[in-house]
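For reference, the structure is listed below as C-alpha cells.
All chains are named by letter (A, B, ...) in the order of the sequence lines, taking the proteins before the strands, and each is independently numbered beginning at 1. All values below come from the heavy atoms of this structure, side chains included, with hydrogens, waters and symmetry mates left out.
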Amino acid sequence: MDYVKTDKKWNAYWENNKCHLFNEKNADNKYYIMEMWPYPSGANLHLGHWFNFGPADTFARFKKMQGKEVFQPMGFDAFGLPAENYAIKTGTHPHDNTLKNIKTMERQLCDMGAMYDWEHEVSTCFPEYYRWTQWLFLELYKKGLAYQKMAPVNWCDSCNTVIANEQVVDGCCERCGTAVVRKEMTQWFFKITEYADELLEKLDSLDWPEKTKTMQRNWIGRSEGSEITFDLPGRKDGITVFTTRADTLMGVSYVVLAPEKALVAEITTPEQKAAVDAYRAETAKASDIDRLSSAREKTGVFTGAYCIHPISGEKIPVWIADYCLGTYGTGAVMGVPAHDERDFAFAKKYGLPVKRVIKAESGEQSELPYCEHGVTENSDIFDGLKTKDATAKIQEHLSKIGKGGKKVNYRLRDWSVSRQRYWGTPIPIIHCPEHGAVPVPEKDLPVTLPYNVNFTPDGASPLRKSDEFMNTVCPVCGKPAKRDPDTLDTFVCSSWYYLRYPDNKNEKAAFNPALINKMLPVDKYVGGAEHACMHLLYARFIAKALRDMGYVKFDEPFTSLVHQGLILGPDGFKMSKNRGNVINPDTYVDEYGSDVFRMYLMFRFAFTEGGAWSDDGIKSIAKFLDRVERIVLKSHSEAKKATSAAQSGADKELAYALNYCIKAVSADFETFSFNTAIARLMELVNAMYKYEAASNSNYAYLRYVSTELIKLLAPFCPHVCEELHELTGGKGSVFNKRYPVCDEKALIKDELEIAVQINSKLKARIRVPSEADETTAKNAALDDENVIAALDGKTVKKAIYIRGRLLNLIV
RNA sequence: GCCGCCGUGGUGGAAUUGGCAGACGCGCCGGACUCAAAAUCCGGUGGUAGCGAUACCGUGUCGGUUCGACUCCGACCGGCGGCACCA
C-alpha cells in the first residue's frame, strides 16, 4: 500500500463526509478531549506537537469507536512575546506573521489526519475571541478579583523597557548586555490567592498525575503559622512578620525587611542611608532564584531603625537582607539566630546576639543552631512549653494585645496579568483623571488592538504611543481620558479557551452556560508537564471564579489530565534552533506517510516519558503494516474460495490471542500506554501468521480475526485502516464501527505455568490446573525432577504460594 | 539553591504495581527461498564459565526492610522539567 497516497485519499474522504465529528444532539454521551493548543511562533508544527496530538487523536478515535460522542477541538494561542520579538527583529508585523503561521499549522494538522472539529476552531488574537477575554477581565474586576498594585518588573535602562525573564541572560539584557534591574510598576493582578484553599483541596478529587498534584500543592505552599507585629516608635504602622515558629519569639535579636519594601526608605536613619541605598541597588540586580539560594552568602545592612518586641518591649534592630523577598509572606521576617540555620549565619556575620530559647525535649544541651521542635526556656512567662503549646499560647497572647495571632500563609502569589507589550489583549480599562480606573462598558467591547502601532521597544508600552488608541472619554463623566496601555498576559487567554470551543460562534456572550454545563468539564486534557503550576492552576482558578459568578456549575475544568514526555534532539538535548538539533516531522510524513510516523512515535517512546529522537526502526512500522495488509487480504480472498470451515484446536488458540489482545489494548488506552498496545497488536498478527502456516488453517475464522484486527488497529493508523476496511468490503468509515469487546470466556485456560523457587531462587517451571490451591501446586512441584534435584533431600519449612504466579519453597 | 521526575541488554523500551527481569521491536548472527540481490519466511540473541544439563553475576552507586526488591526506605552520583514576563 502506498501510505502517502492513502493519507490523501482518506483525508479528502473525511473532509467530505463529516462522519466522525461531534453532534450536539448527542451531548448527553459526550467525551470532551482537548490538547494544549499550539503557539504559532515557529512557522511549523514541531515534533513535540506531533507527539502530543498524534497519540491524543488515537485515544480520541478509540473513545469514538467505544460509542462516545467525541468532541476534539483545536485552536491557536496566538498572542505572545516571541511573535512580537520576531516582528521587531525582522521588521514585519506580528499579526501578519501569526496568521501565516496559523495557516501553515492548520495545513499540517490536516495532513496528520486528526479528527479535529474545525468548525469549532478558536484563536486568541481575533477580536471575536479577545472581546470575551476582556469580558472575563471585567467580570473579575466587578467581583473584586482584579486589582492594581505596585510590583517589580525586569528593567533594562539602555533599551528603556521592561524585559521578560527569558530575555535576561546572566543578569543582563539579551539585546544590549546592560545589567537588568528590578523596578516597581503599577500592574493589574488577579486575586488567585482568594481561591488558594479550594485550589489545594480539590486536587484530591482529580484524576491527574500524582507528581503534578504534588507540584501544585507545593506551589500553593500553604503553611500554618503566626503573624507578629513589631511596633515602630513614632509611627502608626509597625513591621509585621510571618513565622511558623512563634515559639521562638523570645529569642528574636533582629528583624529583617525585604530591601525592596517602600517602608525601608521611610525608616532608614540618615547615617545609614548611603549603605542602605547601595545595598538596595545591588539587590535590584539579583533574581529571586539567586536570592533564595541557600548556597548564597547571607548579606544585609542595618537601617539604623529599631522596632519594639511585642512581648518584652525590647528595642530590636531592623535590617534589610536580600534573602527576605518582598513577594513572600509579609516581606519581613524575624531573626532568631539560636534556632534557624540562616539566621544563625547572619547573626554570626554581623555580631548580633544569639539567645537560646528552645531546648531539646530530652533536656540535653544541643549545639546551636538548634532547629528542631523542643521545649521553651529563657522565655519569661512562656517557659517550659512544648513547641505546639508555646505557639498556641503566644498566639493567644499576641491576639489579646493586638499584635498578631494565628495566620495561614501561602507561597502562592496573586497573578500578575499586565504586560507592557503590543501583541496581546488590550486591558479594557479607562483611566480618568477624576474617576480613576473605570471599566470599559461591556457594550463597547472589544477594545480593538490597533494594527498601526510602533511596537519597537523605547521606554513605554507600545500602545501608549498610539494617540488614536489611547485617547478616549471616561464612561462615567464623558471627559477626556486615557486607555490602559498594557495588554494581558497570554495565560489569561488560555485560562478559559476550553469554555469557548463548544460555543465559538457565539456573538452575544463568551459562551452559553446551558451548553457549557452540558459539555464541560473536559474529560481528558493532554499536554506538557511544564504547565503543571501556571496554566493549569490559572485555568482552575478561572473556572472557580466563573462558578461563583453563576456562569458555570462545575468546580474543576479538567477531570483527567495526561502529560506527554519531552522529545529531545538526537543528541539528547532539548531541541532548539540555537543548538541546531531540530527535527522536522514533515520530512518523515512525506516519506512514510502520517500513519507510519504517528505509529512510530507511539511505539518508539513511552508516551509519558518521551526521549531522545532517533528514526532507528521507523521502517519496522511500515513493515508491520505491510504484514497486516498481506494477512488481511489473503484471509479474505482465501475465505471466499473455501468450501467448508473446519474447526480445529488452533481456532481456540487464535481466539485466545484475539481476545487477550482486545483486553490488553483496551486497558493500555486508558493509561496512554500506546507502545505496549502496539506490541500486543504485533503479537496478534504474529499469532495470525502462525495460524495461517498451520496446514489445517480455517480461512473463514482468519477472516473474522482480520476484520477485528482492522478495528483494533484503526485508531493507531486511521488512513490505512479505512483503506483496509474498504478493500475487504466494508461500507462507510471504519470509525462508525464499534471497537471490539473482549469475550472473557475465550481467555479461560485449564492449565497455567507457574514458577517454582527454592529459597527465592528460580528452580523450575511447572504446569498446574489454573484453579490449583497451594497443596496441589506444592505436590506438583515436589514431583518435578528439577525441584527434587534442587531440594537435595532437604525438608520444606515454609511455602509461599501466589496463585497463577509462583511457589516459593523455603528450606 | 528549592520543588517535581527519570536512570533496566549493543539499542528503543516491557514487567499484571512487592512475585519467573528483558514482552514487543530495532540491530546482529544463522537458515530457507533466489542464478544473485532485494523483499519475505523460520530460528537464535543480557554477561561470564561449560560440549552440555547447569552454575554464578546482572535493573546508575552504596546500604537497609522482606521468604522475595527494577518496584519500598536511607544516602550518594548523573540527566531532565518548573521556579511566577517563553508558552
Would you write the dot-bracket representation of RNA chain B, where each base gets (, ), [, ], | or . depending on whether it forms a Watson-Crick or G-U pair under 3.5 Å and with which partner? (((((((..(((......[....)))((((((.......))))))((((....))))..(((((..]....))))))))))))....

How does protein contact run along nucleotides 79-87 of chain B, one letter per nucleotide 5' to 3', with B for base contact, S for sugar-phosphate only, - for none, heavy atoms under 4.0 Å? -SSSBBBBB

Taking atom types as modelled and ignoring hydrogens, do the side chains of [X] and [Y] form a donor-acceptor contact shorter than 3.5 angstrom?
X	Y	answer
A:Tyr801	A:Asp773	no
A:Gln216	A:Arg540	yes
A:Gln420	A:Asp486	yes

Kindly indicate, with the supporting measurements, whether the criterion side chain to side chain contact (heavy atoms under 4.5 Å, CB included) is fulfilled by A:Met36 and A:Tyr525. CA-CA 7 Å; A:Met36 290 181 187; A:Tyr525 193 24; 3.4 Å; yes

If I take atom [atom1] in residue [X] and atom [atom2] in nucleotide [N], what distance separates them, rounded to the nearest angstrom?
X	N	atom1	atom2	answer
A:Leu681	B:C24	CG	C1'	11 Å
A:Asp615	B:G12	CG	C1'	12 Å
A:Lys634	B:C41	NZ	C1'	11 Å

Between [options], spot the one nearest the side chain of [X], thanks.
X	options	result
A:Gln757	B:G19, B:G13, B:G4	B:G19
A:Arg604	B:G13, B:C26, B:U11	B:U11
A:Asn808	B:A14, B:C67, B:C26	B:C67
A:Leu806	B:C20, B:C67, B:C41	B:C20
A:Lys211	B:C67, B:C5, B:G13	B:C5

Greater than 12 external heavy atoms within 6.0 Å of A:Lys690's NZ: no

If you count the non-hydrogen atoms of other residues, nucleotides and ligands that lie under 6.0 Å from CG in A:Asp170, is the total more than 12?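 No, the 6.0 Å shell around CG holds no more than 12 heavy atoms from other groups.
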
If anything within 90° of 0 is syn and all else is anti, what is B:U40? anti

Checking understanding here: a glycosidic angle within 90° of 0 is syn, the rest anti, so what is B:G46? anti

[X] near the nucleic acid: base, sugar-phosphate alone, or nothing, with a heavy-atom cut-off under 4.0 Å?
X	answer
A:Lys623	sugar-phosphate
A:Lys797	nothing
A:Ala532	nothing
A:Arg680	base
A:Phe603	base

Quick check on RNA chain B: between A:Ser673 and A:Ile800, whose nearest nucleotide comes earlier from the 5' end? A:Ser673

OP1 or OP2 of [N] under 4.0 Å from side-chain N/O of [X]:
X	N	answer
A:Arg217	B:C3	no
A:Lys663	B:U16	no
A:Lys798	B:U66	no
A:Asn686	B:C24	no
A:Arg627	B:C41	yes

Provide the distance between the two [atom1] atoms, one in [N] and one in [M], to the nearest whole Å.
N	M	atom1	value
B:A21	B:C73	P	22 Å
B:A69	B:C80	P	32 Å
B:A38	B:G19	C1'	47 Å

For A:Phe607, what residues pass the ring-ring contact (aromatic ring centres under 6.0 Å, His included) criterion, not counting sequence neighbours?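 Partners of A:Phe607 by the ring-ring contact (aromatic ring centres under 6.0 Å, His included) criterion, ordered by chain and then number, come out as A:Phe51, A:Phe672, A:Phe674.
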
Sequence neighbours excluded, the answer for ring-ring contact (aromatic ring centres under 6.0 Å, His included) partners of A:Phe603 is none

Protein and nucleotides 71-73 of chain B: nitrogen or oxygen contacts under 3.5 angstrom:
none

Shortest non-hydrogen contact from A:Pro94 to A:Tyr422? CG-CE2, 3.8 Å

Check whether A:Trp219 forms a cation-pi arrangement with A:Arg411 (NZ or CZ under 6.0 Å from the six-membered ring centre, at most 45° off the ring normal). yes

Which one of A:His531, A:Arg217, A:His563 satisfies the side-chain hydrogen bond (donor to acceptor under 3.5 Å, both in side chains) criterion with A:Thr212? A:His563

Parallel under 30°, tilted from 30 to 60°, perpendicular over 60°: which one fits the rings of A:Phe137 and A:Trp188? perpendicular

Heteroatom pairs (N/O) under 3.5 angstrom, protein to nucleotides 47-55 of chain B:
| residue | atom | partner | partner atom | Å |
| --- | --- | --- | --- | --- |
| B:A55 | OP1 | A:Lys763 | NZ | 3.1 |

